[in-house]
Every structure is written in C-alpha cells, then in structure tokens.
Amino acid sequence: MSHAATPARPLRSDAVTALTGEVRVPGDKSISHRALMFGALAVGETVVDGLLEGEDVLATAAAMRALGAEVRREEAGGPEGRPRWRVWGRGVGGLVEPADVLDMGNSGTSARLLMGLLATHPMTSVMTGDGSLRKRPMKRVTEPLSLFGADFWYREGGRLPLAVKGTGEAVPVSYATPVASAQVKSAVLLAGLNAPGKTTVTEAVATRDHTERMLTHFGATVTVETDGAARVVTLTGQPELVAAPVVVPGDPSSAAFPVVAALITPDSHLIVRNVGTNPLRFGLYETLKEMGADLILRNERVEGGEPVADLEVRGTGLTGIDVPAERAASMIDEYPILAVAAACASGTTRMNGLAELRVKESDRLTAMAEGLAACGAVVRIEGDDLIVEGTGTAPRGGATVPVELDHRIAMSFLVLGMATEQPVAVDDAAAIDTSFPGFARLMNGLGASIHPLTETAAP
C-alpha cells in the first residue's frame with residue numbers, strides 16, 4: 001500500500017491544441033469510503049455501484065475486512081460497466097479486533113474516519129500509513145474522540161503510527177469543531193453511532209455532508225439545524241443500520257482536472273458524465289463560472305440521495321477574481337487545480353483563507369506556489385492567501401515539479417503542461433492512483449500528451 005517502497009514514476013505533459021470527447025471520471029472518493037464503512041456497520045448486504053477503485057478506497061476496504069465485514073468485488077460489474085462491490089455488515093457495535101496493523105496507505109479520510117469507528121468499540125487497534133500520511137496531524141480527531149472515553153497513543157504531534165483503545169462504555173458527546181473539516185465531523189458522528197443518546201457536532205462553516213446523507217440513507221436518525229451561521233448536526237446513537245444500495249457518482253474533485261484542462265486549451269469541448277454536484281462540494285465550479293468559464297450542467301438529477309449532473313465545458317478565456325475564504329470548505333481539495341486555472345487567466349486571482357492546505361497530503365499552499373513559480377508564473381503567498389498574477393496566456397512551463405506523494409499536485413501540474421509553451425513534468429506520478437487510477441490514459445484519450453519523462457511525445 002505504501003508508495004515509499006515503489007520506484008518513482010516521473011511523467012511529462014506536452015502542450016495540446018484541444019481536448020474533445022465524453023468521459024466518466026472515477027467514483028467519488030468521499031462517498032466510496034463511507035459506503036464501505038456504513039455497509040460494514042449495517043445489517044444485511046449492501047451493493048455499491050461505481051465505487052472508486054483507487055488505493056485510498058482499497059485501504060478502507062481492507063480495513064473493513066480486517067474488522068470482520070465481508071467485502072467483495074463482483075467481477076461481472078454493475079450497470080454501464082461500472083464496478084460493483086458487495087458488503088455484508090456486522091451491525092453497529094459488531095466490529096471485531098483486527099489481527100494486524102491497519103495500513104491506511106496515503107488516505108487521511110480512511111485514517112480519520114476509522115478512528116471514529118474504533119473509538120467506541122471495546123478493542124485495541126493500531127494503524128499506520130505511508131510517509132506522507134505519517135506526517136499529517138491527527139490530534140484534531142483524537143481530541144474529540146477521547147471525549148467518548150477512547151484512549152490514543154501516537155507519535156509526537158499526534159502522528160501515525162497510532163494505537164487506539166476503544167471504549168465499551170461510550171458517552172454521547174456535543175462538540176464544536178475548531179476547524180472546518182468534514183473528516184473531524186464525520187469521525188465524531190461515526191463514534192456517536194455506538195454511543196447511547198444524542199451526539200451533536202456544531203460547525204461554524206458547513207462542510208461536505210456525505211456522512212449525514214448516507215447515515216440517513218442507511219436508516220439512522222440525523223437532524224441538521226442552523227444556529228445563526230453555524231450548522232448543528234445531531235445523531236441519535238445505537239441505531240440499527242439496514243443495508244441499502246449505494247450508487248457512487250463521479251468525483252467532482254477528479255472531474256476538476258479534465259474540466260480545467262479543457263478551459264485552458266482554447267478549442268476544447270468536453271462532456272463529463274455523471275458528476276456529483278453536492279452544493280457543499282461544488283465551490284470550484286462556482287468559482288470557475290465567476291471567472292467566465294463556459295460550463296453548463298445538463299441532465300441534473302438525484303441518485304442515491306446525492307445530486308448528479310453531466311458537465312459540458314468549452315475552452316474559454318478566464319478572468320482572475322477574489323475567491324472568498326468562506327468558500328474554502330466546499331472546494332478545499334480543488335485549490336491546486338484552481339491555481340493552474342488562475343495562472344492561465346487574465347488578471348489577479350486571490351485565493352483567501354487556505355490554512356487547511358498546509359496539512360493535506362503535502363503543504364499544498366507552498367507546493368503550488370513553488371511549482372507555479374518554477375513554471376514562470378507570478379505567484380506569492382500572503383499569510384494564508386495564495387495570489388496568482390495571470391497574463392491571459394499560460395506561463396512558459398519547462399519545470400520538473402516535486403510532488404511529495406501528493407496526487408492532486410501531480411495531476412494539477414500535468415494539466416498545466418497541456419497549455420504551456422514548454423513541457424511540464426512531475427517527479428513521481430505514483431500517488432495519482434490513490435484517487436484517479438487511469439488518469440493519464442483518460443486524458444490522453446481526450447487528446448492530451450502525457451507520457452513517461454524518458455519518452456518523447458508522439459508527433
């Protein structure tokens with residue numbers, strides 16, 4: 001699972017004139033993680049169509065098996081050739097102690113949400129991850145989970161490897177999240193599933209609500225209220241979750257890469273099918289529209305409790321804007337690719353309030369600023385804000401960017417290379433498989449030119 005032991009896979013991206021075609025991007029990563037976890041906690045068989053089969057989600061599948069659920073991929077697949085998985089759950093409170101260390105690979109979502117599950121099961125578990133995940137802070141999750149009665153042991157700074165001793169006498173918790181984090185909120189709600197009474201999470205800024213939607217889909221009682229600007233989520237503990245089918249929409253964070261690639265290559269015309277349009281995940285697309293993107297939602301519908309649409313996009317000139325800090329929670333994973341769009345736009349784009357980017361798979365704020373500067377863009381960081389000065393044309397390119405095992409940094413710079421005068425390379429594309437297996441192949445099928453650094457582009 002860990003990338004640390006695998007050889008580096010440097011890739012290079014060359015300029016193209018246009019991207020055209022229709023594609024589906026892999027299933028939504030956030031929903032895929034939760035479908036496996038809730039399936040493992042439900043009674044009966046849960047069928048999941050369209051699961052993302054990236055390394056992050058496969059880490060969650062392996063963890064659910066280690067905790068006693070039966071998780072199986074169906075070789076025949078589901079409708080339209082999408083993957084079909086089946087999960088036979090153990091019921092709330094029914095997980096068993098794992099026989100070995102749980103390896104979360106590169107997946108912060110797997111690690112943090114799993115801590116919530118483990119915190120209110122009376123057993124001891126140990127989890128680890130790859131070099132990138134072992135650098136990421138976990139205290140933001142362990143502190144509220146300790147309120148339920150769980151004990152944690154971890155490395156300095158709250159980092160993995162980490163041991164959790166879950167409690168068999170959980171108490172319900174009311175918690176106000178100090179940071180806008182769907183992972184913290186979800187971890188607390190998952191712990192609250194196996195605690196009596198009502199567990200409440202109050203967030204000052206609304207974050208993605210897949211956990212609340214899916215808990216309801218599986219039969220839990222969840223209420224969501226607003227208290228001024230705050231959002232208050234209350235879960236009634238110890239429900240009997242009942243297996244329910246899940247259709248996973250295309251991941252809007254993954255769709256962002258072909259969408260922005262089309263926007264910065266002028267004669268492009270793409271349709272990206274079946275993309276999740278949850279309003280708490282759709283901040284990037286709002287922002288691109290404000291920048292002048294020719295982006296249309298077609299065939300809007302609801303599938304499995306989640307809004308879905310087809311995205312039609314054409315190459316167009318973009319104009320820089322100020323992106324408000326309060327939008328960050330709805331697009332936190334999309335700032336790297338937005339920075340690429342900003343580098344190709346006309347005028348200044350200021351992305352405000354990006355402190356959370358410093359604790360992702362890498363310090364994405366610094367990584368994007370340094371990588372864009374190496375490619376010739378005018379960019380600076382002021383506090384927690386990223387400012388990109390666009391000229392209306394792509395920067396020159398010509399750099400090999402270190403990505404530090406960060407899949408979104410790698411894909412963002414490969415997209416940039418599609419518009420720059422000189423190629424753009426990344427030093428290691430292996431981490432892309434965590435969220436977007438087949439990325440280079442899909443993009444090349446639309447007309448991109450992504451290939452190993454040692455090869456030359458096809459004429």
Are R136 and N106 close enough that a side-chain donor and a side-chain acceptor fall under 3.5 Å? no
Of all pairs that satisfy side-chain hydrogen bond (donor to acceptor under 3.5 Å, both in side chains), the ones with a partner from residues 57-70, not counting sequence neighbours: H33-T60, T60-S110, E70-R72
Any side-chain heavy atom of V426 sitting closer than 4.5 Å to one from D428? no
State whether a side-chain donor-acceptor pair under 3.5 Å links R34 with S186. yes
Step by step, would you call R281 with D28 a salt bridge (charged side-chain N to carboxylate O under 4.0 Å, His left out)? CA-CA 11 Å; R281 290 283 302 283; D28 186 286; 2.8 Å; yes
Closest non-hydrogen atoms of V47 and R84, given as atom of the first, atom of the second and distance, are CG1-NE, 3.6 Å
Any chance the side chains of K198 and T236 put a donor and an acceptor closer than 3.5 Å? yes
Is any side-chain heavy atom of Y175 closer than 4.5 Å to one of T200? no
Check the side chains of E312 and H269 for a donor-acceptor pair under 3.5 angstrom, ignoring hydrogens and angles. yes
Please report the shortest heavy-atom distance between A440 and I450, naming the atom on each side. CB-CG2, 3.9 Å
Can you check whether D209 reaches E212 side chain to side chain, under 4.5 Å on heavy atoms? yes
Heavy-atom closest pair (R112 atom, P137 atom, distance to 0.1 Å) is NH2-O, 2.6 Å
My understanding is that only residues two or more places apart in sequence, or in another chain, count here; which of them pass salt bridge (Lys or Arg N to Asp or Glu O under 4.0 Å) with E240? none
Side chain T202, main chain A176, donor-acceptor under 3.5 Å: no
Side chains of L113 and M37, heavy atoms from C-beta outward: is any pair under 4.5 Å? yes
Are the side chains of V25 and V272 in touch, meaning some heavy atoms are under 4.5 Å apart? yes
Check the side chains of R208 and S30 for a donor-acceptor pair under 3.5 angstrom, ignoring hydrogens and angles. yes
